[in-house]
Amino acid sequence: SKDDILLYYFRTLHDQTVELTKETLNSKKAVSTKLLNIIESNLSLLKQNESITKDLINTTSNISHPLSPFGSELAECQRGAIDLFKQALAAEHSPGEYLDSIAFMYWFYHLGICLCWANDPSKDGANTDKLLKITFPLTRKMIGITRIGLGKSMLIKVSNLLRSILLKWD
């Protein structure tokens with residue numbers, strides 16, 4: 001069926017992202033480099049089949065679609081994607097609810113970048129590349145601020161709220 005083909009495509013995309021990021025994640029590179037590598041690797045794979053992938057993302061970005069990133073059909077892939085962000089962040093954070101929340105927020109940010117790319121009319125996704133270049137350092141700083149005082153508990157609460165509203169698999 002069409003959904004089986006989509007499911008296979010998204011699982012293959014995840015496996016390829018894992019493979020592309022393995023070397024960087026296992027390196028001693030900066031956490032920012034590792035996080036950006038995950039997002040850029042995923043985008044580069046999406047760009048390889050641009051016309052098809054853009055349609056797939058726009059179709060499955062509907063939260064009620066069974067193959068949306070929030071649906072149970074892709075739970076294994078999405079947990080794996082969040083785990084990539086956890087691996088990248090492990091040098092800065094101890095395991096626990098805070099690390100889980102930060103990784104989830106980076107995954108969520110990454111989904112937003114992918115959705116922007118899927119609707120980006122510029123040549124080769126130039127606007128998305130610009131958006132990533134500008135917003136990634138800002139996102140790092142905003143999430144970094146959450147280490148201080150009440151920020152940590154606020155980030156955990158926001159992450160938990162998004163999970164409870166959106167995820168059908170958590």
Side-chain angles (χ1 to χ4, degrees), residues 10 13-14 17-18 20-46 57-58 60-120 125 127-170:
F10 285 126
L13 181 67
H14 170 70
T17 302
V18 169
L20 278 176
T21 59
K22 190 182 301 183
E23 185 178 325
T24 302
L25 287 174
N26 292 325
S27 73
K28 298 208 181 285
K29 292 184 178 184
V31 171
S32 288
T33 301
K34 292 177 180 185
L35 292 166
L36 196 54
N37 177 254
I38 295 166
I39 297 167
E40 290 176 336
S41 294
N42 192 255
L43 275 175
S44 73
L45 290 168
L46 294 174
I57 289 173
N58 283 318
T60 60
S61 65
N62 180 334
I63 193 169
S64 63
H65 193 283
L67 293 176
S68 91
F70 311 110
S72 59
E73 292 289 329
L74 285 173
E76 181 182 327
C77 291
Q78 305 311 5
R79 282 188 187 105
I82 293 168
D83 283 345
L84 288 176
F85 287 105
K86 276 189 202 176
Q87 288 174 46
L89 293 159
E92 290 182 346
H93 304 281
S94 301
E97 189 176 21
Y98 183 61
L99 175 59
D100 293 346
S101 295
I102 296 171
F104 175 80
M105 295 304 280
Y106 275 109
W107 172 74
F108 198 68
Y109 166 74
H110 152 263
L111 290 179
I113 294 294
C114 291
L115 186 59
C116 287
W117 171 79
N119 292 283
D120 185 351
N127 290 338
T128 301
D129 294 340
K130 183 178 179 181
L131 179 71
L132 181 59
K133 183 178 180 179
I134 293 169
T135 63
F136 181 77
L138 295 172
T139 301
R140 276 291 281 160
K141 287 178 184 170
M142 287 184 347
I143 289 178
I145 289 170
T146 66
R147 295 175 117 172
I148 304 166
L150 294 174
K152 192 178 279 192
S153 64
M154 284 177 40
L155 181 99
I156 290 169
K157 285 179 183 174
V158 169
S159 173
N160 288 338
L161 175 65
L162 288 171
R163 287 174 190 262
S164 70
I165 292 171
L166 297 173
L167 300 185
K168 297 175 177 79
W169 47 265
D170 200 31

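- Looking at heavy atoms from C-beta onward, His110 lies in side-chain contact with Phe85 at the 4.5 angstrom threshold.
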Evaluate Lys86 against Leu99 for side-chain contact (heavy atoms from CB on, under 4.5 Å), listing each step before the verdict.
CA-CA 7 Å; Lys86 276 189 202 176; Leu99 175 59; 4.2 Å; yes
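- You'll find the side chain of Phe136 reaches within 4.5 Å of the side chain of Leu35, heavy atoms only.
- Side-chain atoms of Leu161 and Ser164, non-hydrogen and from C-beta on, do get closer than 4.5 Å to each other.
- In this structure, the side chain of Ser68 does not engage the main chain of Ser64 through any donor-acceptor pair within 3.5 Å.
- We find the OG1-CD1 distance between Thr139 and Ile39 to be 8.0 Å, quoted to the nearest 0.5 Å.
- Residues meeting the ring pair (Phe, Tyr, Trp, His ring centres under 6.0 Å) test with Tyr98, sequence neighbours left out: His93.
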Checking Met105 against Val158 for the side-chain contact (heavy atoms from CB on, under 4.5 Å) test, could you report, in this order, the C-alpha distance in whole Å, the side-chain angles of both residues, the deciding distance, and whether it holds?
CA-CA 9 Å; Met105 295 304 280; Val158 169; 3.8 Å; yes
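- Residue pairs meeting the salt bridge (charged side-chain N to carboxylate O under 4.0 Å, His left out) criterion with at least one member in residues 138-160, sequence neighbours excluded, are Glu92-Arg140.
- Atom CG in Leu45 sits 5.0 Å away from atom CG in Leu20 (nearest 0.5 Å).
- Under a 3.5 Å cut-off, the side chain of Ser159 and the backbone N or O of Leu155 do not form any donor-acceptor pair.
- Put simply, CG on Asn119 and CG on Asn58 are 4.0 Å apart, with the number rounded to the nearest 0.5 Å.
- The CG atom of Leu167 lies 8.0 Å from the CD1 atom of Ile63; values are rounded to the nearest 0.5 Å.
- A pairwise comparison of heavy atoms in Ala88 and Lys34 identifies CB-CB, 3.7 Å as the closest pair.
- Atom CG of Leu115 sits about 9.0 Å away from atom OG1 of Thr60, to the nearest 0.5 Å.
- The two residues Leu111 and Pro69 have their closest heavy-atom pair at CD1-CB, 3.8 Å.
- Within the 3.5 Å criterion, the main-chain N or O of Thr21 finds no donor-acceptor partner in the side chain of Thr24.
- Of all heavy-atom pairs between Leu67 and Phe10, the closest is O-CE1, 4.4 Å.
- When side chains are defined from C-beta on, Tyr109 counts as touching Leu132, because their heavy atoms get closer than 4.5 Å.
- Contacts of Lys29 classified as side chain to side chain donor-acceptor pair (under 3.5 Å), with partners at least two apart in sequence or in another chain: none.
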Go through the steps to decide whether Tyr106 and Leu89 satisfy the test side-chain contact (heavy atoms from CB on, under 4.5 Å), and finish with yes or no.
CA-CA 10 Å; Tyr106 275 109; Leu89 293 159; 4.0 Å; yes
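- The number of heavy-atom neighbours closer than 6.0 Å to CG of Leu150, taken from other residues, nucleotides and ligands shown, is 12 or below.
- Of all non-hydrogen atoms in Ala103 and Ile82, the two that sit nearest each other are CB-O, 3.7 Å.
- Asn160 places a side-chain N or O within 3.5 Å of a backbone atom of Ile156 that can act as its donor or acceptor partner.
- The shortest non-hydrogen separation linking Ser41 to Ser44 is O-OG, 2.8 Å.
- Put simply, the side chain of Asp120 does not reach to within 4.5 Å of the side chain of Leu131, judged on heavy atoms.
- Considering OG of Ser27 and CG of Asn37, their distance stands at 8.5 Å, rounded to 0.5 Å.
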